[in-house]
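Residue numbers begin at 1 in each chain, while the letters A, B, ... track the order of the sequences. Keep in mind that this is a model prediction, so the values were computed, not measured.
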Amino acid sequence: MIAVELRLMLTRWRTWVSIALLAGLPTVVAVFLAVSDVAPRPGTGPAFLSAVLENGALYPAAALAIVLPLFLPVAVAVVAGEAIAGEAQAGTLRYLLIRPVGRTRLLVAKLVSVVAYTLLAVLAVSVTAYVVGTQLFGSGPLPSVSGTELSSTAATVRTVLAVLYVGWSMLGVAAVALFLSTVTDSPLAAALGAVALLVTSGVLVGLEASASVQPYLPTRYWLAFVDLFRDPVLTRDLLRGTALQGVYVVVFLGAAWANLMTKDVTS
Amino acid sequence: MIRTTALVKRYGRVTAVEDLHLDVREGDRYGFLGPNGSGKTTTVRMLLGLVLPTSGQVELLGGRVGRDALAQVGALVEGPAFYGHLSGRANLRLSDAAGPGSVRRTRAHRVGEVLEQVGLGGVDRRPVRAYSLGMRQRLGLAGALLRRPRLLVLDEPTNGLDPQGIREVRDLLLQLNDQGTTVFLSSHLLSEVEALCTRIGVLDRGRMVLQGDLEQFQELTGLVEVRTPDVRRAAGLLGPSVAGVFEGGLHVTHDDPAALNAALVHAGVRVHALHAQRRSLESAVLGATGDSSDKVAS
């Protein structure tokens, strides 16, 4: 079932169109930067962007920071929200279960497919950004955010860690959308529900008055991957973010499983 | 093959199925009848493990409803459903690969075989969303037959088919049944069930109101229907055994149609047609069920 699910995901136009759009946004930003040669002043705009003009090798990190607030989570929410609800809406869910594909197995296959999509998207963004960045801005020794210089091995390791951290953060979104996908028969409702949660979280994270709940909000530590490019790496928020996403993943996947197992499939 | 014991399904305060004892035996062609909204589909879904019973048991192929039993069941529930962007062949291959008990080596061959069987042998690479309703129905049937199941559970299998298509599907089901496949057919079409099935169960408002061999519901009424242009002469001849007269014929209480015919012809009464009358399945079913449940009375 996992192989079938992956094949279905990879042969869909939608998958590749959304990934192309995701990788396209940082490319467009890079072109504007290169043409105008006007970078945001340090401390404004998306992370890293001010430093990119000096060194294109930093652009993958900047690109992740560009797609992370909205574009990437929306794409993940749409794909994960579609997982069960999409099959229910098309009527194929009943035939999969009769085939029989066990409900647990189905959920695992969908999860694997969503994880694969997320990694594919994050990788596509980083690789495209690396190519575009080094072509347009040239490369040089990578400076850390703290001002010291990073060796190329260290830079690669940190970029890979950043990709994994962003992927893990997106898995929290995927878990929420997957849970909603088992609740409703409408993929749109599931995706919108997950996006609504993220928007709420984003608003509260930006609000000083809600400081007491901020450590528990899903989007609170997303941008902590920037800390990977400090020297030495600032691990506090990274670890908190990893643990917090872990809680979201476990709770919502558990809820998704419990709901699917006891659900009457009437679609 | 299928046996349910005191099966109940409630949705909140609405009872969809109540105390259902269903008994389908190996080799049956079982017709599951009932008006719309009587709980047929809920029952079919419970048999296949899609809907979980509130109480009571379902026994499928001698065991509980699970992986082992379902692997030997082919089903069509509330119309076929496919991935619209893929071809029919690709859909069948995916479905086959998704679950247990399928051999990869023989897959292409088996898919070709069932497509041939349901009359889609020449189907091209068109995506399923371009299929007509009848083609989808045939493809759904092909999906149900793909792994040569021991039991076929079909919900309204002739939906969307034209008369020739209905006839073809019926012949196919008869042929499969001959080869040992048990067929469970759920339908609200009496004629379809009457033409195919050997045993029937009738559901009304969630309860089984009739279950037994089809013949038992078509027993002789003891009347012989005689069609003749000489109605008056016939009536005069037969006297008190005439149970009723209608335009162009009469009903006669008589237990030997052949002797009756001989007597009429001997007396010079011309006879078009003459046959022993049976109760129709329709009257048995309508007698046992109430109003159509999708009717909303004022």
Side-chain angles (χ1 to χ4, degrees), chain A residues 1-18 78-79 82-113 116 181-183 185-187 257-267, chain B residues 9-12 16 41-42 44-54 60 65-87 90-102 104 128-129 136 139-140 143-144 146-147 149 151-153 155:
Chain A
M1 183 59 208
I2 291 176
V4 168
E5 199 47 54
L6 282 176
R7 202 158 81 205
L8 262 178
M9 190 265 286
L10 293 175
T11 53
R12 281 217 161 127
W13 274 104
R14 193 184 53 204
T15 305
W16 298 107
V17 169
S18 65
V78 167
V79 171
E82 160 100 17
I84 305 287
E87 302 276 2
Q89 196 179 47
T92 41
L93 180 59
R94 59 175 183 268
Y95 287 104
L96 280 174
L97 296 180
I98 293 169
R99 170 60 186 88
V101 177
R103 297 184 182 207
T104 307
R105 190 181 290 253
L106 178 67
L107 193 66
V108 169
K110 291 293 182 185
L111 181 65
V112 168
S113 151
S181 190
T182 64
V183 174
D185 286 349
S186 154
W257 179 76
N259 189 40
L260 188 60
M261 288 308 280
T262 55
K263 179 181 160 139
D264 283 335
V265 176
T266 51
S267 60
Chain B
K9 179 63 193 180
R10 292 198 185 88
Y11 292 108
T41 299
T42 301
V44 167
R45 283 177 180 266
M46 280 195 281
L47 300 181
L48 299 171
L50 292 172
V51 164
L52 311 171
T54 307
L60 190 65
V65 181
R67 193 180 160 92
D68 296 337
L70 284 175
Q72 301 174 62
V73 176
L76 194 59
V77 184
E78 271 192 296
F82 299 98
Y83 299 112
H85 64 293
L86 297 174
S87 73
N91 264 294
L92 292 187
R93 277 203 295 261
L94 270 183
S95 146
D96 195 53
S102 90
R104 190 184 187 149
V128 170
R129 65 167 168 261
R136 280 176 211 226
L139 189 61
L146 191 51
R147 278 164 304 281
L151 170 66
L152 270 176
V153 176
D155 192 10

Step by step, would you call B/V73 with A/I98 a side-chain contact (heavy atoms from CB on, under 4.5 Å)?
CA-CA 8 Å; B/V73 176; A/I98 293 169; 5.5 Å; no
Winner by heavy-atom pair count (cut-off under 4.5 Å) against chain B, out of A/G91, A/G102, A/P100:
A/P100
Among B/A69, B/G66, B/G79, who wins on heavy-atom pairs under 4.5 Å with chain A?
B/G79
Among B/G84, B/P100, B/A71, who wins on heavy-atom pairs under 4.5 Å with chain A?
B/P100
Which atom names give the shortest non-hydrogen contact between B/A97 and A/V4, and what distance separates them?
CB-CG2, 3.6 Å
Using a cut-off of under 4.5 Å on heavy-atom pairs, state which of B/G143, B/G74, B/P80 scores highest against chain A.
B/P80
Give, for atom CG of A/L8 and atom CG of B/L86, the distance between the pair rounded to the nearest 0.5 Å.
6.5 Å
Please tabulate the donor-acceptor pairs under 3.5 angstrom that span chain A and chain B, backbone and side chains included.
residue, atom, partner, partner atom, Å
A/E87, OE1, B/Y83, OH, 2.9
A/E87, OE2, B/Y83, OH, 3.0
A/R94, NE, B/V77, O, 2.9
A/R94, NH2, B/V77, O, 3.3
A/R94, NH2, B/E78, O, 3.0
A/R94, NH2, B/G79, O, 2.9
A/Y95, OH, B/V77, N, 3.0
A/Y95, OH, B/V77, O, 3.2
A/Y95, OH, B/G79, O, 2.7
A/R99, NE, B/S95, O, 2.7
A/R99, NH1, B/P100, O, 3.1
A/R99, NH2, B/D96, O, 2.7
A/R99, NH2, B/G99, O, 3.3
A/R99, NH2, B/P100, O, 3.1
A/R103, NH2, B/G49, O, 3.1
A/R103, NH2, B/L50, O, 3.1
A/D264, OD1, B/L52, N, 2.8
A/D264, OD2, B/K9, NZ, 2.6
A/V265, N, B/L50, O, 2.9
A/V265, O, B/R45, NH1, 2.5
A/S267, O, B/R45, NH1, 3.3
A/S267, O, B/R45, NH2, 2.9

Interface moiety of B/L76 toward chain A, non-hydrogen atoms closer than 4.5 Å:
both
Not counting sequence neighbours, which residues clear side chain to side chain contact (heavy atoms under 4.5 Å, CB included) with B/V44? List them please.
B/L48, B/V77, B/V153, B/F184, B/S186
Is A/L96 in contact with chain B via its backbone, its side chain, both, or neither, using a 4.5 Å heavy-atom distance?
side chain
